Amino acid sequence: MQIIIYFKEMTSKSPHNALPDSIREDDSYILRKLYIETYGCQMNVNDSEIVVSIMKDNGVDLTSDINQADIILVNTCSIRENAEQRVWGRLDVFRQIKAKKPDLMVGVIGCMAERLKEKLLENEKLVDLVIGPDAYRELPSLLQEAGTGQKAINVLLSREETYADISPVRTDKNNVSAFVSIMRGCNNFCAYCVVPYTRGRERSRDAGSILREIGELNEQGYREVTLLGQNVNSYRRDKLPGNGSLDFSDLLEKAALEYPHMRFRFSTSHPRDISDKLLHAIARNSNICKHIHLPAQSGSSRILKLMNRGYTREEYLERIAAIRRIIKDCAISTDIIAGFCTETVQDHQQTLSLMEEAAYDFAFMFKYSERPGTDAAEKLVDDVPEEVKSERLSEIIKLQSTLSARSKEADTGKTVEVLVEGTSKKSEHELYGRNSQNKVVVFPNNGFKPGDYVNVKITRFTPATLIGVPVQQ
Ligand code: 5AD
Ligand code: SF4
């Protein structure tokens, strides 16, 4: 089958096949509607917003109804095997839709596109285009190529691409908080992690375009911005021409001072790179949120070395102590991997004791999943049996729920400032939002609206949320 793809609009950024006058808009080969599904991290959510922006520039609008779509894109994650399995399942569903609607284009974008290009294109009828995280600008021309009946593919990684000039089209519903990517890629090569292979080398986006994007969000009424990168603390470490000499704490503080009515968060920090300078910048700016996500991965120095994390247990705990010393009332969260190669009961016990010592407010916890091509897959043996990984993970989750409850209990009786995000799912008479420490707070509506800052006195808590009442202050 061959179809000519036309775009309804042609801008200077998208010199593609624009719609000629002689063709009617309702001809079926005009791409009008994009349906996009996003898996994985916040970075992917932001990438999807960039993709929507690129498509919008070409007159293709977003739809949330898959049956209306002329093109389906799935933005994928490769971090663990089950993330990939989920996407294969979805592709099967899309294949069934495509069987009934032959002109429908299906594209796989993101990390799986990078990692599994050949496999994705093996089945003729499954996928029309495969695009890696650094090639989204090529989407319109690749769609046209796919229209000629060829499979279209671009998985080239770039050393420069940051999509700095593209304003993401926000697809979230709340219009209160937004993500802004400040860098892409990762140079750390943790032994278990596929990210440096799927997202390429680390590069920083220029500060001017970041601050401009924050300014636009401010004008649109957004109240909270999360600065995103795989390792935000190494922002600008590799000097790019014309970028000045801002480091991450300079950038964060500049944003906080320029937009005092907005709140700022960031993610993710690497324990090896988080500096006292940054901690002081957080401490002295009330609109930089008091929450640091500092993934430990393991509490055993031996495992950390095998993971190539670049710090020991003691060094990690020293950073935790520095956070507690410099920032009053700072929440700390973590990522933990259970059952990494060669992990013994003693190593696992050390992870549990590190969690106790760090007294995390919340955590993301995973079973180790071997990823082909990583150092761990090449050089180490994935020798912890599945049942043992599961047992250890359950112990980790159980401990964390105790720690999370302890942290929420300590909040009871406090008055916290909450940025309202929306109406609670459970009751239309209640609102929800988050406090500076990133804890979800639910409270009676009392006429407040999303985007308002409300002082809430915490009266009780459930496993997931703090519950309180608004107070005058
Ligand atoms: N197996 C399990 N968890 C992993 N992560 C990254 N790679 C793997 C893997 N192969 C986890 C780490 C990281 C988070 C984003 O995902 O904890 O911080
Ligand atoms: Fe993966 Fe480590 Fe880079 Fe995080 S810092 S993306 S875990 S390689």
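Remember, predicted model here, so these are calculated numbers, not experimental data. Counting starts at 1 for both ligands and their atoms, following the listed order. Quick note: numbers below take in every heavy atom, side chains included, and nothing from hydrogens, waters or symmetry partners.
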>> Looking at Lys414 and Asp329, is there a salt bridge between them, counting it only when a charged N and a carboxylate O are closer than 4.0 Å?
In response: yes
>> Do the side chains of Glu343 and Lys389 get close enough for a salt bridge, i.e. N-O under 4.0 angstrom?
In response: no
> Would you call Arg406 and Asp361 a salt bridge, using N to O less than 4.0 angstrom?
Replying inline: no
> Which of the numbered atoms in ligand 2 are below 4.0 angstrom from a heavy atom of Cys186?
Replying inline: 3 (Fe), 5 (S), 6 (S), 8 (S)
> So which protein heavy atom does atom 1 (Fe) of ligand 2 come closest to, and at what separation?
Replying inline: Cys193 SG, 2.2 Å
> At a 4.0 Å threshold, what atoms of ligand 2 neighbour a non-hydrogen atom of Gln230?
Replying inline: 6 (S)
> In the protein, what heavy atom is nearest to atom 7 (S) of ligand 2, and what distance, to one decimal place, separates them?
Replying inline: Tyr192 OH, 3.4 Å
> Should we count NZ of Lys254 as having more than 12 external heavy atoms under 6.0 Å?
Replying inline: no
>> Check Glu216 with Arg170, please: is the shortest side-chain N to carboxylate O separation under 4.0 Å?
In response: no
> For ligand 2, which atoms sit closer than 4.0 Å to a heavy atom of Pro196?
Replying inline: 8 (S)
> Between the side chains of Glu161 and Tyr163, is a donor N or O closer than 3.5 angstrom to an acceptor N or O?
Replying inline: no
> Can you tell me which residue and heavy atom of the protein come closest to atom 5 (S) of ligand 2, and the distance to 0.1 Å?
Replying inline: Asn188 ND2, 3.3 Å
> Under 4.0 angstrom from ligand 2, any heavy atom of Arg309?
Replying inline: yes
> Does a donor on one side chain and an acceptor on the other come within less than 3.5 Å for Arg272 and Asn188?
Replying inline: yes
> Mind checking what residues have non-hydrogen atoms under 4.0 angstrom from ligand 1?
Replying inline: Ile79, Arg80, Tyr192, Gln297, Asp335, Ile337, Phe366, Lys367, Tyr368, Ser369, Arg371
> Relative to each other, are the rings of Phe189 and Tyr197 parallel, tilted or perpendicular (30° and 60° limits)?
Replying inline: perpendicular
> How about Cys190: does one of its N, O or S atoms come closer than 2.8 Å to atom 1 (Fe) of ligand 2?
Replying inline: no
> Between the side chains of His291 and Ser333, is a donor N or O closer than 3.5 angstrom to an acceptor N or O?
Replying inline: yes
> Do the ring centers of His261 and Tyr453 come within less than 6.0 Å of each other?
Replying inline: no
